[in-house]
Amino acid sequence: MDTLTRSLHSFLVHIGLNPMSITPQMKHYLEHLLYLLPPEDEEAVTHYYGLFGAERNSLQDIARQLGMPQEDALEHIDQCIRKLAITPEWQMLKQFSVHNS
């Protein structure tokens, strides 16, 4: 995992574990970031990290929903995070989250 992807992954893990740690505005920006993914991928990422009050699903459950082996599902989620990590939207959100910490 490269540095850009790692920073978004860490942010999503933190938000999934501490949903009250972000402002409503940051939540709104994060929702818009995830809207850049196809709906099936957005749902997989949301449930993998447990975002927005969604139940955190096991990789096995997510793989079943995506119709692929667990290893492929994990790689697919990583690819989704990489796609988002290189967007200007994430770069703005990252800067915003740093300034509001």
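The structure displayed is predicted, hence computed values, not measured ones.
- Contacts of E31 classified as salt bridge (Lys or Arg N to Asp or Glu O under 4.0 Å), with partners at least two apart in sequence or in another chain: K27.
- For the side chain to side chain donor-acceptor pair (under 3.5 Å) condition, the pairs that include at least one residue of residues 8-21, sequence neighbours left out, are H9-Y49, H14-N18, H14-S21.
- Evaluation of the salt bridge (Lys or Arg N to Asp or Glu O under 4.0 Å) test over residues 45-57, restricted to residues two or more places apart or in two chains, returns none.
- Considering only residues two or more places apart in sequence or on other chains, R64 meets the salt bridge (Lys or Arg N to Asp or Glu O under 4.0 Å) condition with D61.
- With sequence neighbours excluded, the residues forming a salt bridge (Lys or Arg N to Asp or Glu O under 4.0 Å) with R82 are D2, listed by chain and number.
- Residues in residues 32-54 take part in no salt bridge (Lys or Arg N to Asp or Glu O under 4.0 Å) pair, two or more places apart or across chains.
- Residues meeting the ring-ring contact (aromatic ring centres under 6.0 Å, His included) test with Y35, sequence neighbours left out: H32.
- With sequence neighbours excluded, the residues satisfying side chain to side chain contact (heavy atoms under 4.5 Å, CB included) with A63 are Q70, A73.
- Applying the salt bridge (Lys or Arg N to Asp or Glu O under 4.0 Å) criterion to K83, with sequence neighbours excluded, gives no partner residue.
- Counting only residues at least two apart or in different chains, salt bridge (Lys or Arg N to Asp or Glu O under 4.0 Å) contacts with residues 68-81 are absent.
- Note on residues 50-71: no pairs pass ring-ring contact (aromatic ring centres under 6.0 Å, His included), not counting sequence neighbours.
- L4 belongs to a hydrophobic cluster whose remaining members, ordered by chain and number, are I86; membership requires side-chain heavy atoms of ILVMFWY residues under 4.5 Å apart, directly or through intermediates.
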